[in-house]
Colleague: 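Mind looking over this structure? Questions follow.
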Amino acid sequence: MASTSTKAATTKSILTPTMTLKGHKEWIQSISYFPDDQRMISGSEDKTTRQWDLKAGKEIEEARGVYEGWVWAVAVSRDGRWVVTGSGDFNREPKACEVETGIVKTFKGHSDEINSIDISADNTLLASGSLDRTARIWNLDTGKLVAGPFKSSS
């Protein structure tokens with residue numbers, strides 16, 4: 001009978017932590033890179049969205065009061081123009097901030113908390129998923145609903 005080795009293979013991590021980004025006071029629910037790979041956005045249960053400079057290891061900007069509840073989802077458009085957030089704690093509206101101008105758009109339609117968001121590859125559409133069991137697709141420039149709601153079965 002052939003013997004089997006019980007010695008576990010050792011694996012060496014190729015990732016080495018180089019810095020700790022300090023700022024959030026509660027759990028971080030979502031993160032997204034900017035297309036320049038030099039910045040990142042994070043959303044937390046501390047009700048803040050923070051932008052980070054990854055070279056300096058410091059917070060660039062903090063957005064408080066964007067939501068009255070937890071920030072569950074964040075996304076950055078591939079051109080870096082938009083940062084989109086979705087919230088828990090009964091907030092039903094995804095919000096998109098145009099990075100250059102600071103203008104915030106609100107997308108109304110969901111009846112429960114937002115738990116997932118994404119931006120299309122061409123940077124024109126926002127997709128949102130909610131605890132109301134629907135997904136919706138919005139035009140980022142106009143704020144209008146372009147598809148949905150798509151309902152999931154119960």
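For the single chain, residues carry numbers from 1 onward in sequence order.
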Colleague: Treating Arg92 as the side-chain partner and Ser111 as the backbone partner, does any N or O pair qualify as donor plus acceptor under 3.5 Å?
Modeller: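 Yes, the answer is positive, given that a donor and an acceptor are paired below the 3.5 Å cut-off.
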Colleague: Determine whether Lys105 and Trp82 make a side-chain contact, defined as any pair of heavy atoms from C-beta on separated by less than 4.5 Å.
Modeller: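 Result yes, sub-4.5 Å side-chain heavy-atom pair found.
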Colleague: Whether the Trp70 and Ser87 side chains hold a donor-acceptor pair (N or O, under 3.5 Å, no angle test) is what I'd like checked.
Modeller: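 No, Ser87 and Trp70 have no side-chain donor paired with an acceptor closer than 3.5 Å.
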Colleague: Is a side-chain donor or acceptor of Thr85 paired with a backbone partner of Val74 at a separation under 3.5 angstrom?
Modeller: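 No; zero donor-acceptor contacts below 3.5 Å.
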Colleague: What's the spacing between Ile137 CD1 and Asn139 CG if we round to 0.5 Å?
Modeller: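 That separation rounds to 11.5 Å.
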Colleague: Please assess Ile41 against Ile31 for the test side-chain contact (heavy atoms from CB on, under 4.5 Å), listing each intermediate value before the final yes or no.
Modeller: CA-CA 6 Å; Ile41 195 90; Ile31 56 175; over 6 Å; no
Colleague: Mark yes or no for whether Ser128, through its side chain, and Ile117, through its backbone, hold a donor-acceptor pair below 3.5 Å.
Modeller: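 Not a single qualifying donor-acceptor pair exists.
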Colleague: So if you build clusters from Ile, Leu, Val, Met, Phe, Trp, Tyr with side-chain heavy-atom gaps below 4.5 Å, do Leu125 and Phe150 land together?
Modeller: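 Leu125 and Phe150: one cluster.
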Colleague: Ignoring hydrogens and geometry beyond distance, is a side-chain donor-acceptor pair present between Glu45 and Gln29 at under 3.5 Å?
Modeller: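 Yes, a side-chain donor-acceptor pair sits under 3.5 Å.
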Colleague: Backbone N or O of Ala127 within a donor-acceptor pair of the Asp118 side chain at under 3.5 Å?
Modeller: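 No.
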Colleague: Please say yes or no: joined through hydrophobic side-chain contacts below 4.5 Å, possibly via intermediate residues, are Leu145 and Ile119 part of one cluster?
Modeller: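 Yes.
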Colleague: Measure the OG-CG distance between Ser77 and Leu126 for me, rounded to the nearest 0.5 Å.
Modeller: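 Atom-to-atom, Ser77:OG and Leu126:CG are 10.5 Å apart.
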Colleague: Report yes if the side chains of Thr48 and Val71 come closer than 4.5 Å at any heavy-atom pair, otherwise no.
Modeller: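 Of all side-chain heavy-atom pairs linking Val71 with Thr48, none is under 4.5 Å.
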Colleague: side-chain hydrogen bond (donor to acceptor under 3.5 Å, both in side chains) with Lys108: which residues, sequence neighbours excluded?
Modeller: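 For Lys108, the residues satisfying side-chain hydrogen bond (donor to acceptor under 3.5 Å, both in side chains) (neighbours in sequence not counted) are Glu93.
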Colleague: Main chain of Trp27, side chain of Ser44: is a donor-acceptor contact present, judged purely on distance under 3.5 Å?
Modeller: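 Yes; at least one donor-acceptor contact below 3.5 Å.
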Colleague: Sort and list the pairs that fulfil ring-ring contact (aromatic ring centres under 6.0 Å, His included) and have at least one residue in residues 117-142, not counting sequence neighbours.
Modeller: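 Applying ring-ring contact (aromatic ring centres under 6.0 Å, His included) to every pair that reaches into residues 117-142, excluding sequence neighbours, yields Phe107-Trp138.
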Colleague: Might you work through the side-chain contact (heavy atoms from CB on, under 4.5 Å) test for Leu131 and Ile114, ending with a clear yes or no?
Modeller: CA-CA 6 Å; Leu131 294 181; Ile114 308 302; over 6 Å; no
Colleague: Measure the NZ-OG1 distance between Lys151 and Thr134 for me, rounded to the nearest 0.5 Å.
Modeller: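 Rounded to the nearest 0.5 Å, the NZ-OG1 separation comes to 8.0 Å.
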Colleague: State, to 0.1 Å, how close Ala96 and Val84 come at their nearest heavy-atom pair, and which atoms those are.
Modeller: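 For Ala96 and Val84, the tightest heavy-atom pair comes out as CB-CG2, 3.9 Å.
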Colleague: Hydrophobic clusters here meaning ILVMFWY residues chained together by side-chain heavy-atom distances under 4.5 Å, can you tell me if Trp52 and Tyr33 are in one?
Modeller: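 Yes.
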Colleague: Quick one: which residue pairs count as a ring-ring contact (aromatic ring centres under 6.0 Å, His included) with a foot in residues 108-136, not counting sequence neighbours?
Modeller: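 For residues 108-136: none.
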Colleague: Determine, for Glu98 against Arg81, whether the closest basic-nitrogen to carboxylate-oxygen distance falls under 4.0 angstrom.
Modeller: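 The answer is yes: the pair qualifies as a salt bridge.
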Colleague: Check step by step if side-chain contact (heavy atoms from CB on, under 4.5 Å) holds for Thr124 and Leu140.
Modeller: CA-CA 6 Å; Thr124 63; Leu140 275 167; 5.9 Å; no
Colleague: Of Gln51, Glu59, His24, which is the lone residue that meets side chain to side chain donor-acceptor pair (under 3.5 Å) with Ser42?
Modeller: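 So the option named by the test is His24.
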Colleague: For a side-chain contact (heavy atoms from CB on, under 4.5 Å) check, start with the C-alpha distance between Val99 and Phe34, then their side-chain angles and the critical distance, and finish with the verdict.
Modeller: CA-CA 11 Å; Val99 174; Phe34 277 79; 4.2 Å; yes
Colleague: Hydrophobic clustering (ILVMFWY, side-chain heavy atoms < 4.5 Å, transitive) - are Ile28 and Leu54 grouped together?
Modeller: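 Same cluster: Leu54 reaches Ile28 through Ile, Leu, Val, Met, Phe, Trp or Tyr contacts under 4.5 Å.
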Colleague: Quick one: does Pro35's side chain get under 4.5 Å of Val76's, heavy atoms only?
Modeller: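 Yes, side chains in contact.
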